[in-house]
Amino acid sequence: MNLSIFCIKKFFIAAFAVVFLFTSCPAANASFTLEDEKKLGKEFYEKLSKGRVLIRDPKIQNYVDQIGRLVLASSPKAPFEFKFSVINSSAINAFATPGGYVYVNKGLINLCENESELAGVLAHEVAHINARHIASIIEKSTKMNIAALAAILAGAFLGGGGEAAAALTSFSMAAVSSMNLKYSRDHEEEADRLGMAYLVASGYNGKSMLDFLKIMRKYEFYSKSIPSYFLTHPGTDERIRYLDGLLQVRYRTEGRESIVGGLTRIQIYLAFIGRNPELKLTKFQSAVQANPVDVDALYGLALTQERLGSTEDSIKTFQEALNLSPNDEDIVRDLGIACFRAGRTRDAIYYLSRALSINPENSKTIIFLGRAYEAEGRFQEALNTLKQIENKPSIEADAHYHLATAYGGTKDQGASHYHFGMYFKKNRKKEMALYHFKAALKFYGPGERKRVEIEEEIEAIENGKSSKPSSTEDSEEAMGYSSYVEGRMITESIFFPSCPLTLARVSRERDFSSRY
């Protein structure tokens with residue numbers, strides 16, 4: 001089994017155990033109120049969020065959220081604030097938890113043949129929440145303690161096989177056998193009936209819900225494994241017959257297969273979350289061979305070539321795609337990034353500036369354009385570009401790094417130290433962060449807003465309240481990267497008495513912001 005999926009499964013089990021062992025919701029045989037659902041769903045979501053299981057790419061998140069909102073607009077007003085999230089797992093699964101939280105795996109999105117099929121899955125899960133199906137299962141159980149409920153939920157959402165089954169032995173298996181967290185046939189029939197109504201009312205093709213069930217059934221047959229979805233959503237054959245009947249009797253008018261648009265591009269983004277890009281090379285090469293003017297296939301091939309180190313080939317492929325779609329922001333931006341990595345900084349500046357004119361809010365474009373200017377020695381232009389994201393609340397560690405180098409290049413040592421402090425803080429390098437924050441204080445007078453902000457950062461770190469890293473990879477790669485101070489690059493070793501002072505520039509071969 002893929003290591004990342006294994007790690008995700010291990011995390012799920014641990015997270016569920018913590019959530020349900022320590023949450024203050026009542027015992028399962030008591031009344032499970034709407035407030036209990038909201039609290040449970042919120043804590044569940046926060047555990048997943050802190051564990052970095054959820055995909056944060058804004059384009060992917062916005063796409064799924066837009067579809068979910070269309071479905072919600074055509075459903076009765078529920079007493080929840082719904083939230084739609086994508087899980088970084090190749091398993092074919094989607095599920096809902098109490099309190100209005102809907103989760104869909106990237107594996108399920110990649111299996112969809114059109115947007116309406118994904119909308120059908122989301123509509124079905126929204127229906128489960130509106131009908132309070134999980135809450136009713138919890139309410140009907142008797143003598144069920146929180147630890148046992150944690151085991152049941154972990155086993156249900158993880159699919160109950162492989163490492164998940166082995167891990168469940170740490171829970172009370174006697175308790176697990178007394179309650180089965182699967183939707184009943186009645187639950188599934190109600191969710192299909194309500195979900196179909198939401199789907200059609202939102203303008204999508206109701207037949208898509210039936211079509212996707214058949215696709216998953218076919219996937220199950222050919223893969224000789226049961227998709228995770230079927231482990232908690234039983235009665236597939238009966239559901240297919242029921243949905244077919246609904247379509248023939250009630251929903252004969254065909255709706256649209258796409259409203260938001262761009263499913264194929266989203267699937268390409270998802271394909272590049274993770275490792276092994278070489279596995280995608282043949283897929284995109286075949287797609288381009290079958291249709292040389294397929295812009296998405298060309299874009300996917302170019303990304304794959306770039307990931308595999310064939311930068312010049314990727315530039316040529318990007319240019320082919322750009323000729324077919326001159327105003328495609330993704331293609332223009334990523335062509336600029338490929339040029340930057342190939343050392344063609346003037347070309348990079350041209351394409352990245354063009355991409356920024358298409359979308360002035362894209363942080364990735366801003367960061368790489370700033371880096372391209374910096375590589376040309378145009379530090380003031382680099383700084384002017386990077387300042388566009390300096391005050392964004394969601395600024396990540398790598399952006400602080402490049403702001404620090406840009407400020408250093410313009411001799412603004414106080415701001416340079418400040419951003420290096422933020423960079424190391426977000427990478428949980430406490431000693432490094434404190435060094436830079438304290439160095440930054442020398443450049444700001446008493447009462448200045450920036451000095452007060454820096455003093456608050458120092459106090460937070462010294463009191464053990466420093467931020468977590470932007471990502472696991474950022475944290476692992478923080479050591480060894482250099483700092484631009486007083487116009488020169490010095491390595492991290494200067495800050496440790498046992499290490500010799502080195503003035504050599506340490507190159508950052510890897511780009512944090514290049515993830516898809």
Side-chain angles (χ1 to χ4, degrees), residues 363 366-367 370-371 373-375 377-471 474-508 512-513:
S363 296
I366 292 169
I367 289 174
R371 294 182 64 186
Y373 280 130
E374 184 184 343
R378 297 157 65 177
F379 292 106
Q380 190 59 57
E381 289 171 280
L383 183 57
N384 291 342
T385 300
L386 292 167
K387 276 185 174 182
Q388 297 177 61
I389 59 172
E390 185 172 18
N391 297 317
K392 285 190 174 182
S394 59
I395 183 172
E396 295 185 358
D398 61 311
H400 282 295
Y401 179 93
H402 296 299
L403 277 161
T405 60
Y407 272 115
T410 58
K411 312 299 183 182
D412 188 338
Q413 298 173 42
S416 180
H417 276 298
Y418 167 76
H419 282 287
F420 273 121
M422 292 301 298
Y423 169 75
F424 286 112
K425 173 190 171 183
K426 291 193 174 186
N427 282 294
R428 299 181 74 178
K429 299 297 178 183
K430 178 179 176 181
E431 186 176 348
M432 296 293 297
L434 284 173
Y435 170 87
H436 284 289
F437 283 138
K438 289 178 180 179
L441 284 178
K442 301 174 185 177
F443 300 92
Y444 299 99
E448 284 192 59
R449 184 186 61 81
K450 181 59 72 173
R451 183 182 181 90
V452 173
E453 184 180 341
I454 294 169
E455 288 172 340
E456 290 174 352
E457 293 289 355
I458 292 172
E459 182 181 1
I461 293 174
E462 291 179 337
N463 291 335
K465 299 178 182 179
S466 57
S467 299
K468 291 189 176 182
S470 297
S471 76
D474 285 358
S475 177
E476 291 171 349
E477 296 187 7
M479 292 294 288
Y481 291 150
S482 48
S483 307
Y484 204 122
V485 180
E486 297 179 1
R488 68 173 184 260
M489 300 297 292
I490 59 176
T491 66
E492 196 174 304
S493 61
I494 190 173
F495 307 115
F496 296 93
S498 61
C499 301
L501 176 63
T502 306
L503 297 180
R505 178 166 183 162
V506 180
S507 64
R508 303 181 85 235
F512 291 133
S513 55

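Keep in mind that this is a model prediction, so the values were computed, not measured.
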> So, for Ser416 and Ala404, which heavy atoms are closest and what is the spacing to 0.1 Å?
Replying inline: OG-O, 2.9 Å
> Between Ala433 and Gly421, what is the shortest heavy-atom contact and its length?
Replying inline: CB-O, 3.5 Å
>> Rounded to the nearest 0.5 Å, what separates atom CD1 in Ile367 from atom CD in Glu374?
In response: 12.0 Å
> With distance as the sole test, does Tyr444 use its side chain to make a donor-acceptor pair with the main-chain N or O of Ala415 at under 3.5 Å?
Replying inline: yes
> Once the angle between the rings of His417 and Phe443 is folded into 0 to 90°, is it parallel (under 30°), tilted (30 to 60°) or perpendicular (over 60°)?
Replying inline: parallel
>> If I take atom NZ from residue Lys438 and atom NZ from residue Lys442, how far apart are they, to the nearest 0.5 angstrom?
In response: 11.0 Å
> Once you round to the nearest 0.5 Å, how far does CD1 of Ile461 lie from NZ of Lys430?
Replying inline: 8.0 Å
>> Just to verify, what does His400 make a side chain to side chain donor-acceptor pair (under 3.5 Å) with, not counting sequence neighbours?
In response: His419
> Quick check: does any side chain N or O of Lys426 sit under 3.5 Å from a backbone N or O of Ile395, one acting as donor and the other as acceptor?
Replying inline: yes
> Do you know which two heavy atoms are closest between Ala399 and Ile389, and how far apart they sit?
Replying inline: CB-CD1, 3.8 Å
>> The test is side-chain contact (heavy atoms from CB on, under 4.5 Å); show your working for Thr405 and Phe420 and say whether it passes.
In response: CA-CA 8 Å; Thr405 60; Phe420 273 121; 4.0 Å; yes
>> To the closest 0.5 Å, what do you measure between OH (Tyr418) and CD (Glu457)?
In response: 5.5 Å
> In chain order, what residues pass the side chain to side chain donor-acceptor pair (under 3.5 Å) check against Glu381, with sequence neighbours excluded?
Replying inline: Arg378
> Which pair of heavy atoms, one from Asn427 and one from Ala397, lies closest together, and at what distance?
Replying inline: ND2-CB, 3.7 Å
> Got a second to check how far Phe437's CZ is from Phe424's CZ, nearest 0.5 Å?
Replying inline: 11.0 Å
>> Which heavy atom of Gly414 sits nearest to which heavy atom of Ala440, and what is that distance?
In response: O-CB, 3.6 Å
>> As an exercise, state the distance from CG of Leu386 to NE2 of His402, rounded to the nearest 0.5 Å.
In response: 8.0 Å
> After noting the C-alpha distance and the side-chain angles of Leu441 and Ile458, does the key distance pass the side-chain contact (heavy atoms from CB on, under 4.5 Å) rule?
Replying inline: CA-CA 10 Å; Leu441 284 178; Ile458 292 172; 3.6 Å; yes
